[in-house]
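Inspection log for the structure reproduced underneath, given as C-alpha cells.
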Amino acid sequence: MTFSIRPFGATDADWLIAQNGDHYAQAEGFDETFRILVAQIVADFLSHHDPGDEGGWIAHQGATRLGHIFCVRLDAQTAKLRLFYVAETARGSGVAQALLDRCLDFARDAGYQCMTLWTHESHAAAGRIYKRNGFSRTDAKPVHSFGVDLVEETWQITF
C-alpha cells in the first residue's frame with residue numbers, strides 16, 4: 001500500500017473523533033465517555049500545543065485518511081504517545097509502523113528522554129508493536145472505564 005504522512009490539522013478533528021468513537025464502540029463496547037475523552041484530547045491539542053514540543057500526524061492515501069498518532073509533552077523529559085489508531089482497511093500495510101516511527105523520531109528530535117503511553121490489554125496488536133519497538137509495559141491494573149471492565153496498561157521507552 002502506498003501512503004503518505006502529513007501533519008494533523010483542525011479539519012481532521014471531526015473525522016478522528018468519529019473514527020475512534022465508532023470503532024471502539026463497535027469493537028469493544030466503549031460508551032460515549034470514550035468519544036468525549038478523544039474530543040477533549042483533540043481540543044486541547046488544537047488550542048494549546050507547541051509545535052516544537054508536540055505533534056500530530058495523519059497517514060493518508062490521497063483524500064482517504066488511514067490513521068493517526070500524537071506526541072504530546074508530559075513534562076520536560078517525557079513525551080506521551082496519544083491517539084494512535086489505524087483504520088482496519090490499512091492494518092498490516094506498514095501504516096502503523098510508519099506512524100510510530102514518525103512519533104518516536106519527533107520525540108527524540110524534540111529532546112525528550114523517554115516516552116510513555118496508556119492503553120488497554122485488549123489492544124493486543126498495539127502491545128505487540130510497542131514491544132517490537134522497544135517499549136516495556138510498566139504497569140497493568142483492572143479498571144472499569146468507558147462502560148466496560150478493562151485492564152489498563154502503561155508502557156514506556158527510554159531514548
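For the single chain, residues carry numbers from 1 onward in sequence order.
- One hydrophobic cluster, built from ILVMFWY side chains closer than 4.5 Å, holds both Phe106 and Tyr130.
- Hydrophobic clustering (ILVMFWY, side-chain heavy atoms < 4.5 Å, transitive): Trp118 and Leu100 are in distinct clusters.
- A distance of 7.0 Å separates SG of Cys114 from CG of Asp75, quoted to the nearest 0.5 Å.
- Of the candidates Glu153, Arg128, Glu28, Glu28 is the only one forming a side-chain hydrogen bond (donor to acceptor under 3.5 Å, both in side chains) with His123.
- Atom CZ of residue Phe45 and atom CG of residue Leu16 lie 10.5 Å apart, to the nearest 0.5 angstrom.
- Annotation for Leu46 and Gly9: closest pair CD2-C, 4.4 Å, computed over non-hydrogen atoms.
- The cluster map of Ile, Leu, Val, Met, Phe, Trp and Tyr, joined by side-chain heavy atoms under 4.5 Å apart, puts Ile58 and Val86 in different clusters.
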* Kindly determine whether Asp44 and Gln40 satisfy side chain to side chain donor-acceptor pair (under 3.5 Å), including the steps that lead there. => CA-CA 6 Å; Asp44 287 347; Gln40 185 61 54; 2.7 Å; yes
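- Remark: the backbone N or O of His144 is not paired with any side-chain donor or acceptor of Asp149 at under 3.5 angstrom.
- Arg35 and Gly21 make their closest contact through NH2-C, 3.5 Å (heavy atoms, listed as atom of the first residue, atom of the second, distance).
- Contact of the Leu81 side chain with the Phe70 side chain is not registered, since no non-hydrogen atoms from C-beta on lie closer than 4.5 Å.
- The shortest non-hydrogen separation linking Met115 to Leu104 is SD-CD2, 3.8 Å.
- Between the CZ atom in Arg65 and the OH atom in Tyr85 there is a gap of 13.0 Å [rounded to 0.5 Å].
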* **Verdict with reasoning, Phe146 to Tyr24, per side-chain contact (heavy atoms from CB on, under 4.5 Å)** => CA-CA 10 Å; Phe146 314 122; Tyr24 288 105; over 6 Å; no
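- Salt bridge absent: Glu121 and Lys141 never bring a charged side-chain N and a carboxylate O closer than 4.0 Å.
- Leu74 shares a hydrophobic cluster with no other residue; no ILVMFWY side chain has heavy atoms under 4.5 Å from its own.
- Tracing side-chain contacts under 4.5 Å through hydrophobic residues (I, L, V, M, F, W, Y), one reaches Leu37 starting from Trp15; they form part of the same cluster.
- A ring-centre distance under 6.0 Å is not found for Phe159 and Tyr112.
- In terms of heavy atoms, Ala110 sits closest to Gly52 at CB-O, 3.7 Å.
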* Where do Thr119 and Trp155 land on the side-chain contact (heavy atoms from CB on, under 4.5 Å) test, with the steps shown first? -> CA-CA 8 Å; Thr119 190; Trp155 292 71; 3.7 Å; yes
* To do: Give the C-alpha distance, both sets of side-chain angles, the deciding distance and a yes or no for side-chain contact (heavy atoms from CB on, under 4.5 Å) between Phe135 and Ile129.
  => CA-CA 9 Å; Phe135 283 83; Ile129 195 171; over 6 Å; no
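- Expressed to the nearest 0.5 Å, how far SG of Cys71 lies from CG of Leu117 amounts to 11.0 Å.
- With His68 contributing its side chain and Phe8 its backbone, the two residues share no donor-acceptor pair below 3.5 Å.
- Cluster membership for Val38 and Ile69, using ILVMFWY side-chain heavy atoms within less than 4.5 angstrom, is not shared.
- Here the closest non-hydrogen pair linking Ile5 and Trp57 is CG2-CB, 3.6 Å.
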* What do the steps show when you test Phe30 against Leu150 for side-chain contact (heavy atoms from CB on, under 4.5 Å), and what is the final call? -> CA-CA 10 Å; Phe30 286 11; Leu150 299 163; 3.9 Å; yes
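- Here CD of Gln61 is found 6.0 Å from CG of Leu66. Values are rounded to the nearest 0.5 Å.
- The shortest distance between side-chain heavy atoms of Glu54 and His48 does not fall below 4.5 Å.
- With respect to Arg6 and Asp12, a salt bridge is recorded, a charged nitrogen being found less than 4.0 Å from a carboxylate O.
- With a 6.0 Å radius and a threshold of 12 heavy atoms from other residues, nucleotides or ligands, Asp14 has its CG atom at or below the threshold.
- Residues Arg82 and Ile41 approach most closely at NH2-CD1, 3.1 Å, considering heavy atoms.
- Rounding to the nearest 0.5 Å gives a distance of 5.0 Å between NE2 of His120 and OG of Ser145.
- Applying the salt bridge (Lys or Arg N to Asp or Glu O under 4.0 Å) rule to Arg102 yields no partners; only residues at least two apart in sequence or on another chain are considered.
- Taking 4.5 Å as the limit, every side-chain heavy atom of Ile157 sits out of range of all side-chain heavy atoms of Asn133.
- Side-chain atoms of Gln26 and Asp22 form no donor-acceptor pair, as typed in the model, at a separation below 3.5 Å.
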